[in-house]
Amino acid sequence: FSEPAPEAAAAASSPDVVLVMLRDLTQQRRLEQMRADFVANASHELRTPLASLSGFIETLQGPARNDVAARERFLGIMAEQAKRMSRLIDDLLSLSRIELNLHIRPERRVDLVHVVREVIDALGPLAEERGVALRLIEQAPSLPVQGDRDELIRVFENLVENALKYGGSDKGIEIVCAASAREDGTREAVVSVIDYGPGIAPEHLPRLTERFYRIDVPRSREQGGTGLGLAIVKHIVNRHRGRMAITSDVGRGTAFVIRLDLAHSPLSG
Ligand code: ADP
């Protein structure tokens, strides 16, 4: 091992290097803080339905013991709260699974048009229940991308479900599948989920994909939301090296646009 070169020693004490080290430290602190916030938020989110369950159990053991009507009603609420906890745990587990695999790009060939059709079929009953029409606009007959089919289904399920939950209107919801050429000559698949609902004020847009960020918490709860949907979407899209853009006009509606590299060769099964 030789002595460090004089220029290396000089660099180590240079203001630039110190600055980079400080920046790394700040970044690390920020990550630690984010992790701590996440655990605190997740615990809080789980504690709320749990407190409600405990409260109802106590009431059922005591004052409401012999009240058949109250028992029926309380059991209904308790079942809802238990479902909410289980949805939250499912979402937390998906998020951590996706994060663990973050560096691995999914390899399978998937047709996004099929994925979107499947999602529309699956959400048909919910759309009908809400009286909102789902329209698929196929500007491209197929959109082959490299990806994980289940994860991509999750992306569009979340986006279309959100459009139904927060963006429903008598103009319905459009899902547009298109292919487009980039400036460098490569091609991309572009899938847009467009609603004509109340829209999202600009100050919320940059924070929408943060875990547990919700514009209206009671409304999200009432819709069965966990506040993790868009965080999951963002992670899956990143894992596929894609991009998501959100544009919204208050009073007019919102568009979530997902862009992924189009695969070159034809679909193989
Ligand atoms: P949630 O489980 O609350 O639905 P998401 O992460 O999926 O969580 O969405 C975060 C928040 O973004 C929602 O609570 C809602 O306030 C807002 N949001 C999402 N999609 C739309 C939309 N299409 N129109 C208006 N607001 C939306």
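Note that ligands are numbered from 1 as they come in the structure, with each ligand's atoms numbered from 1 the same way. What's counted below: heavy atoms across the whole structure, side chains too, no hydrogens, waters or symmetry copies. Since the structure is predicted, the reported quantities are computational estimates derived from the model, not experimental observations.
Counting heavy atoms closer than 4.0 Å to ligand 1, residue T209 contributes nothing at all. Using a 4.0 Å cut-off between heavy atoms, Q223 makes no contact with ligand 1 at all. Contacts with ligand 1 closer than 4.0 Å are made by side-chain heavy atoms of I200 only, the backbone lying farther away.
Annotation for ligand 1: atoms under 4.0 Å from non-hydrogen atoms of G229 are 5 (P), 6 (O), 7 (O). Close contacts between ligand 1 and S220 involve ligand atoms 1 (P), 3 (O), 14 (O) [criterion: under 4.0 Å to a heavy atom]. Interface atoms of ligand 1 facing G225, defined by a heavy-atom separation under 4.0 Å, are 1 (P), 2 (O). Applying the 4.0 Å criterion to heavy atoms of R214 picks out, from ligand 1, the atoms 3 (O), 14 (O). Counting atoms of ligand 1 from 1 in the listed order, those under 4.0 Å from a heavy atom of I215 are 16 (O), 17 (C). Those atoms of ligand 1 with a heavy atom of G227 less than 4.0 angstrom away are 1 (P), 2 (O), 3 (O), 6 (O), 8 (O).
When the heavy atoms of Y166, Y213, F256, F212 are ranked by distance to atom 1 (P) of ligand 1, first place goes to Y166. Nearest to atom 22 (C) of ligand 1 by heavy-atom distance, out of I232, D195, L205, V250, is D195. For atom 7 (O) of ligand 1, the choice among L159, L88, N162 with the nearest heavy atom turns out to be N162.
Salt-bridge formation is not detected for the pair R239/E107: no Lys NZ or Arg NE/NH1/NH2 atom is positioned less than 4.0 Å from an Asp or Glu carboxylate oxygen.
Ligand 1 has no atom lying under 4.0 Å from any heavy atom of R219. The closest approach between a heavy atom of T226 and any atom of ligand 1 is below 4.0 Å.
Side-chain polar atoms of R154 and S94 form a donor-acceptor pair below 3.5 angstrom.
Among all protein heavy atoms, the one lying closest to atom 12 (O) of ligand 1 is L208 CD1, 3.6 Å. The protein atom (non-hydrogen) at minimum distance from atom 6 (O) of ligand 1 is L230 N, 2.8 Å.
The environment of CZ in R219 is crowded: more than 12 heavy-atom neighbours from other residues, nucleotides or ligands sit within 6.0 Å. Shown here is R108, whose CZ atom has no more than 12 heavy atoms of other residues, nucleotides or ligands within 6.0 Å. Annotation for R47: atom CZ does not count as buried by contact number, only 12 or fewer foreign heavy atoms lying within 6.0 Å. At most 12 non-hydrogen atoms from other residues, nucleotides or ligands lie less than 6.0 angstrom from CD of E58.
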>> Walk me through whether R221 and E45 qualify under side chain to side chain contact (heavy atoms under 4.5 Å, CB included).
In response: CA-CA 10 Å; R221 294 233 167 102; E45 291 292 329; 3.4 Å; yes

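Checking only distances, A231 never comes within under 3.5 Å of ligand 1, N or O to N or O.
Figure legend: R207 and Y213 shown without cation-pi pairing, the cationic atom not lying both under 6.0 angstrom from the six-membered ring centre and within 45 degrees of its axis.
Under the salt bridge (Lys or Arg N to Asp or Glu O under 4.0 Å) criterion, E118 pairs with R149, not counting sequence neighbours. Looking at residues two or more places apart in sequence or on another chain, you find a ring pair (Phe, Tyr, Trp, His ring centres under 6.0 Å) between F74 and F56.
For the pairing with D261, the side-chain hydrogen bond (donor to acceptor under 3.5 Å, both in side chains) check across H240, Q146, R182, R187 returns one residue only, R182.
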